[in-house]
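Below is one structure, written out as structure tokens; the observations come after it.
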Amino acid sequence: MANALVSIQIIPKTPNGEDVIPYVDAAIEVIDQSGVPYHVAPLETTMEGELSKLLEIIEKMNVRVTELGATSVISQVKIYSNPAGASMDKLTEKYR
């Protein structure tokens, strides 16, 4: 059972001020390849899983964006941790 939700917003600084969307798409691809449940929203992406694994994914996202040429990366992260379990669906079910 997942024990954490982590929301992340990746803000890459591109070398020549070009569009950041291809960088963000590559970061989301890292999440997709990890196999964890996730939800893409307009300003951030939320992942569900074990906290240690989610933090590893964030590190891989940052590495991938810099591999593509970003000169720096800001990662804004929110963490919800609950040893009894954490679920995106459970936290949002009353809004559906």
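Keep in mind the model is a prediction, meaning the values are calculated, not measured.
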Quick one, [X] and [Y] - any side-chain contact, counting heavy atoms below 4.5 Å?
X: Asn3; Y: Pro83; result: no
X: Gln76; Y: Ile11; result: yes
X: Val36; Y: Lys53; result: yes
X: Met47; Y: Ile58; result: yes

Problem set entry | salt bridge (charged side-chain N to carboxylate O under 4.0 Å, His left out) partners of residues 36-49, not counting sequence neighbours, each pair once | Glu44-Lys78
Problem set entry | Where at least one partner belongs to residues 64-77, residue pairs that pass salt bridge (charged side-chain N to carboxylate O under 4.0 Å, His left out), sequence neighbours excluded | Arg64-Glu67
Distance-minimising heavy-atom pair for [X] and [Y]:
X: Leu54; Y: Ala4; value: CD1-O, 3.8 Å
X: Ile79; Y: Val77; value: CG1-CG1, 3.9 Å
X: Ile8; Y: Ile10; value: CD1-CD1, 3.8 Å
X: Val40; Y: Tyr38; value: CG2-CE1, 3.8 Å

Linking I/L/V/M/F/W/Y whenever any side-chain heavy atoms sit under 4.5 Å apart, do [X] and [Y] land together?
X: Leu55; Y: Val73; result: yes
X: Leu51; Y: Ile31; result: yes
X: Leu5; Y: Met61; result: no
X: Tyr80; Y: Ile57; result: no

Got a sec, which residues hit side chain to side chain contact (heavy atoms under 4.5 Å, CB included) with [X], two or more places apart in sequence or on another chain?
X: Lys60; answer: Val30
X: Asp89; answer: Ser87, Arg96
X: Glu18; answer: Thr14, Pro15, Asn16, Tyr23

Seminar exercise, completed: Across all chains, not counting sequence neighbours, the side chain to side chain donor-acceptor pair (under 3.5 Å) partners of Thr46 are Ser7
For this session: Return yes when atom CD of Glu50 has more than 12 non-hydrogen atoms of other residues, nucleotides or ligands closer than 6.0 Å, and no otherwise.
Result: yes
For this session: To the nearest 0.5 Å, tell me how far His39 NE2 sits from Thr45 OG1.
Result: 8.5 Å
For this session: Using the side-chain hydrogen bond (donor to acceptor under 3.5 Å, both in side chains) rule, take Ser75 and Asn62 through it: C-alpha gap first, then chi angles, then the decisive distance, then the call.
Result: CA-CA 8 Å; Ser75 295; Asn62 279 268; 3.0 Å; yes
